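Reading through the structure tokens given below for one structure.
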Number of protein chains: 4
Amino acid sequence: MARGVNKVILIGNLGQDPETRYTPNGNAVVNLTLATDESYKDRQTGQLVPKTEWHRIVMFGKIAEVAGQYLRKGSKVYIEGKLQTRKWQGQDGQDRYTTEIVVDINGQMQMLDSRGGDGGGMNQGAPAGRPQQQSYNQPAPQQQGGGYQGQSGGYSQQPPQQQSQQHPPQPSPQHSPQQQQSSMPEPVDDFDDDIPF
Amino acid sequence: MARGVNKVILIGNLGQDPETRYTPNGNAVVNLTLATDESYKDRQTGQLVPKTEWHRIVMFGKIAEVAGQYLRKGSKVYIEGKLQTRKWQGQDGQDRYTTEIVVDINGQMQMLDSRGGDGGGMNQGAPAGRPQQQSYNQPAPQQQGGGYQGQSGGYSQQPPQQQSQQHPPQPSPQHSPQQQQSSMPEPVDDFDDDIPF
Amino acid sequence: MARGVNKVILIGNLGQDPETRYTPNGNAVVNLTLATDESYKDRQTGQLVPKTEWHRIVMFGKIAEVAGQYLRKGSKVYIEGKLQTRKWQGQDGQDRYTTEIVVDINGQMQMLDSRGGDGGGMNQGAPAGRPQQQSYNQPAPQQQGGGYQGQSGGYSQQPPQQQSQQHPPQPSPQHSPQQQQSSMPEPVDDFDDDIPF
Amino acid sequence: MARGVNKVILIGNLGQDPETRYTPNGNAVVNLTLATDESYKDRQTGQLVPKTEWHRIVMFGKIAEVAGQYLRKGSKVYIEGKLQTRKWQGQDGQDRYTTEIVVDINGQMQMLDSRGGDGGGMNQGAPAGRPQQQSYNQPAPQQQGGGYQGQSGGYSQQPPQQQSQQHPPQPSPQHSPQQQQSSMPEPVDDFDDDIPF
DNA sequence: TTTT
DNA sequence: TTTT
């Protein structure tokens, strides 16, 4: 529920491959940088000057999974999300603020590459087959708490094992104490399947 | 011209009265802070927790003039603009980044207070009569170059006198109310109406 | 899931009180007409001519319930939905098409009257207390099939009794046959379930 | 000027080649049909059922010129416009209504085919070179009066010769390549004002 | 850092 | 009528 409207709509290209992390609960969190270009006319020279605007995107839930799997550096994508500015501490102890576009359960993502080309070519990790134009709305709404702390701790770079199945506790030491502190936001918990297509 | 889409849509309330400045050419530049509220459910307590997101808005052109005149702390407003992140230097010499929603010629603004109440009450500068619900599209496009440096120099806190005409320096050091009225900048030429907002 | 983007954003005023109906399962369906105004300059006279655009809105789910309860003729509202054109038969047997803005689980609604005034005054059915500015996202997504036939049959003008509880079949003759056959249990609000359209 | 917000955002594919007409003043008017797809889950079978929504688009001005030149059947495109319903008379003398998305000076269009392929291949009229991803905002506002009458009379299927200049009647009945060149879209043209940013 |  |  919201008193107000907070909506961002972007179409642009990824500057890098997406970075995928996982919450202790196995939910994907993806960070992207997206470029939108605009040209303006220089007043002195009359020349058209290209200007690129870079956007930081954070995706949660199923959209994040799809983005992590199918988007690559250079991919063109439509994104709908909301603005969120988070505060963090610089190494000098001073407050810094970073504004991101959060794409959660209420957001949308749509891949716009008609051929799904990864734009980079050197992404050996790219999946063999990929969808060409597909849009995702998350399956269930969720409120974003104040807990997300950007790139900071508590996230695993490893995908969860079979998140949708019951399985015995992981003995693996890779899953560290960070998992214990399960106060991390868990944007979407009720996925009903892993791969939507 | 743009290769991409960069659009922000907000409905929220002003945290403070707008700050109006003027370029050397007499064009208004207005800074706003806008709050959009959202509630999320705390996972531990199950309580609805209100969360306010603050947005920095920069307006140019006629929309800026209208906003500066009619919006006040607490005003509810619809805004359409684009995201822009600008770099600046902190006092420690380090780079900082601030993301703002730029409402220029391609943006839109709409006052949503059915009564135009200023929400604060102590804004003696508020004009007597104000429109109730009015939307503004800028009359002609304009490209935003890279030159805008936020709050920094080159801006005047005083509105220009009759910018579109050559005129001798104003002797009066005080800006009287009458001047306020008669100093409407008219940067764009093809207005199809006579209402100044 | 969508291959494409289909989004409508409107701010306007209701032309009439909302019409609420209920599906056999007790889910609210609300029809609205919304006016958005625009002025254009007549090319001959140079006069500003007001022009009102009327939009047909159909709301489903919890948003519909809220709209039916709190919106009245004249209410100002923000609506986000999608375009849908449905075909129907005129009395002359010919095909007609009506385009509506569908506000379902993926849509949004926000009341913008700072005072919630009903704008009409003669709506005795209006609830005593009403929210002032509140936005609604539906709690869970739902796919809109092709079956919705507008104003046509299968809908009841009467609200369901205690839709969130199990209850014995209603002996009341007020409840039409259609309602009788729909004695299914009614999970509270997040229906991803049995809406037949 | 508008009291209200009336905005439509679509991403979809053209069902046919665009139809271009010209007003007596030589302004291009383009009609498109755009498909947006959505899948919904059939309640009986649980199957995903594809559903296509068709949208009627009308474009004016420079955007229309670009669309007429570069879009083809199958082209994927982003469109931003406004809803407009116009009344017309059926052959039976009865009123009919058609809702269209109007893309005028305040609208936007962006071609999303990474390769500009025409999707049909048999469009011999397609220009040799075409932009790949380009977005257009109209360079100057224009009010849409009540005068547009859909497909009806007053429009020419022939493009104007040099509409922006006074010139003697063209002797050549054939539209030469040079003319083609000179009618190339020029998304950004005349920013002449003095805003220094 | 992307894209054309 | 498009697209995947």
Side-chain angles (χ1 to χ4, degrees), chain A residues 10-19 31-39 48-57 66 70-79 110-123 129-136 196-197, chain B residues 1-6 85, chain C residues 1-6 85, chain D residues 10-19 31-39 48-57 70-79 110-123 129-136 187:
Chain A
L10 302 173
I11 295 180
N13 299 279
L14 272 68
Q16 300 292 344
D17 285 0
E19 294 175 17
N31 284 81
L32 300 178
T33 54
L34 194 75
T36 57
D37 292 315
E38 186 178 12
S39 300
L48 268 189
V49 182
K51 187 180 169 214
T52 295
E53 192 66 37
W54 287 100
H55 310 273
R56 304 175 66 98
I57 317 287
V66 175
Y70 296 105
L71 295 181
R72 289 294 174 266
K73 174 181 177 180
S75 296
K76 188 181 302 179
V77 70
Y78 167 94
I79 275 174
Q110 168 133 11
M111 293 179 277
L112 295 173
D113 291 308
S114 45
R115 197 146 289 279
D118 53 38
M122 69 296 208
N123 303 293
R130 54 189 77 160
Q132 298 209 358
Q133 189 208 349
Q134 201 85 5
S135 175
Y136 299 91
F197 42 76
Chain B
M1 189 183 344
R3 290 170 185 271
V5 171
N6 177 356
T85 299
Chain C
M1 194 178 342
R3 291 170 184 273
V5 171
N6 176 356
T85 299
Chain D
L10 301 174
I11 295 179
N13 299 280
L14 272 68
Q16 301 292 344
D17 284 0
E19 294 175 17
N31 283 275
L32 299 178
T33 54
L34 194 74
T36 56
D37 292 317
E38 186 178 11
S39 300
L48 268 189
V49 182
K51 187 182 167 210
T52 296
E53 192 67 36
W54 286 99
H55 310 272
R56 303 175 67 101
I57 317 287
Y70 297 105
L71 295 181
R72 288 296 173 266
K73 174 182 176 178
S75 296
K76 186 182 302 180
V77 70
Y78 166 93
I79 276 175
Q110 168 133 12
M111 293 178 279
L112 295 175
D113 292 309
S114 46
R115 196 146 288 280
D118 52 38
M122 71 295 208
N123 304 294
R130 53 189 78 161
Q132 298 208 357
Q133 190 209 348
Q134 201 85 4
S135 175
Y136 298 91

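Owing to the predicted nature of the structure, the values given are computational and were not obtained by experimental measurement.
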In whole angstroms, how far is the P atom of E/dT2 from the CD atom of A/E38? 19 Å

When rounded to whole Å, the CG to P distance for the pair D/D17 and F/dT3 reads 11 Å

How close or far is atom C1' of E/dT2 from atom OH of A/Y78, stated in whole angstroms? 20 Å

Select one nucleotide: of F/dT2, E/dT2, E/dT1, the one nearest the side-chain heavy atoms of A/T33. E/dT1

Do C/R3 and F/dT4 have a side chain to base donor-acceptor pair shorter than 3.5 Å? yes

Given atom CD1 of A/I79 and atom P of E/dT3, what is their separation to the nearest angstrom? 16 Å

Any D/R72 side-chain heavy atom under 4.5 Å of D/P18 side chain: yes

Separation of D/L71 atom CG from F/dT3 atom C1', in whole Å? 14 Å

At what distance, to the nearest 0.5 angstrom, does CG of D/L10 lie from OH of D/Y78? 9.0 Å

Starting from P on F/dT3, measure out to CG on D/L112 and report it in whole angstrom. 15 Å

Out of curiosity, A/H55 NE2 to A/L32 CG, how far, rounded to the nearest 0.5 Å? 12.0 Å

Out of F/dT3, E/dT1, E/dT3, which nucleotide sits closest to the side chain of D/N13? F/dT3

Can you name the closest pair of heavy atoms from D/Y70 and D/S75 and give their distance? O-OG, 4.4 Å

Spacing of D/H55 atom NE2 relative to F/dT3 atom C1', expressed in whole Å: 13 Å

Among F/dT1, E/dT3, E/dT1, find the nucleotide with the atom closest to the side chain of A/Q16. E/dT1

How would you label the contact of D/T52 with the nucleic acid (heavy atoms, under 4.0 Å): base, sugar-phosphate, or nothing? base

What is the distance, rounded to the nearest whole Å, between atom CD1 of A/I11 and atom C1' of E/dT4? 15 Å

